[in-house]
Trainee: 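Just passing along the structure, written as structure tokens.
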Amino acid sequence: MDEPVIEVRSSVGEAHIRANGEGLRVLAERLLELAGADVRDGHHLHLDAGVDLEDGSSGLVLERDDSV
């Protein structure tokens, strides 16, 4: 199994997320976690460069917002 690789780049009006297969699975798992019936509105996850994301990536926040 490959190590997950997730890279986020942002510019005005656009975010670009690149990931290998394992990285995409990790993102999908995080999104499914936020979609859970027991997760409250406003719950969020931070993905940080050098920890969850490749060095040099923009940080990424995934947030549940039931008002949208």
Side-chain angles (χ1 to χ4, degrees):
M1 181 163 57
D2 292 330
E3 286 290 316
V5 175
I6 307 167
E7 180 180 275
V8 178
R9 302 283 181 216
S10 60
S11 61
V12 178
E14 183 174 83
H16 186 132
I17 299 172
R18 293 179 49 194
N20 64 3
E22 190 59 30
L24 290 171
R25 281 185 277 284
V26 167
L27 283 174
E29 289 168 3
R30 300 275 175 93
L31 291 170
L32 286 170
E33 177 184 334
L34 285 173
D38 58 337
V39 176
R40 71 189 191 309
D41 183 54
H43 186 77
H44 59 279
L45 302 170
H46 290 264
L47 284 75
D48 298 309
V51 179
D52 310 287
L53 308 172
E54 291 300 293
D55 287 338
S57 290
S58 298
L60 181 64
V61 178
L62 305 173
E63 180 179 355
R64 178 166 180 157
D65 184 345
D66 292 330
S67 70
V68 295

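Excluded from the calculations below are hydrogen atoms, water molecules and symmetry mates; all remaining heavy atoms, backbone and side chain alike, are included.
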Trainee: Tell me, please, which residues at least two apart from H46 pass ring pair (Phe, Tyr, Trp, His ring centres under 6.0 Å).
Mentor: H44
Trainee: Under 4.5 Å between any side-chain heavy atoms of V8 and E54, yes or no?
Mentor: no
Trainee: Assess whether atom CZ of R9 is packed by more than 12 heavy atoms of other residues, nucleotides or ligands within 6.0 Å.
Mentor: yes
Trainee: Among the clusters formed by ILVMFWY side chains lying less than 4.5 Å apart, do L47 and V26 turn up in the same one?
Mentor: yes
Trainee: Under the side-chain hydrogen bond (donor to acceptor under 3.5 Å, both in side chains) rule, collect the residues that match up with S11, sequence neighbours excluded.
Mentor: none
Trainee: CG of L31 to CD of E33: how many Å apart, nearest 0.5 Å?
Mentor: 9.5 Å
Trainee: Is there a continuous path of hydrophobic side-chain contacts, each under 4.5 Å between heavy atoms, that joins L27 to L34?
Mentor: yes
Trainee: For the pair E22 and R25, find out whether any cationic side-chain nitrogen is under 4.0 Å from an anionic carboxylate oxygen.
Mentor: yes
Trainee: Once rounded to the nearest 0.5 Å, what's the spacing between atom CD of E3 and atom CG of N20?
Mentor: 9.0 Å
Trainee: I'd like to check L53 versus E7 (side-chain heavy atoms, cut-off strictly below 4.5 Å). Are they in contact?
Mentor: no
Trainee: Side-chain contact test, heavy atoms from C-beta onward, threshold under 4.5 Å: evaluate it for I17 versus I6 and give yes or no.
Mentor: yes
Trainee: Is there any side-chain hydrogen bond (donor to acceptor under 3.5 Å, both in side chains) pair reaching into residues 58-68, and which pairs are they, with sequence neighbours excluded?
Mentor: S10-S58, R64-D66, D65-S67
Trainee: So how far is it from L60 CG to L45 CG, rounded to the nearest 0.5 Å?
Mentor: 9.5 Å
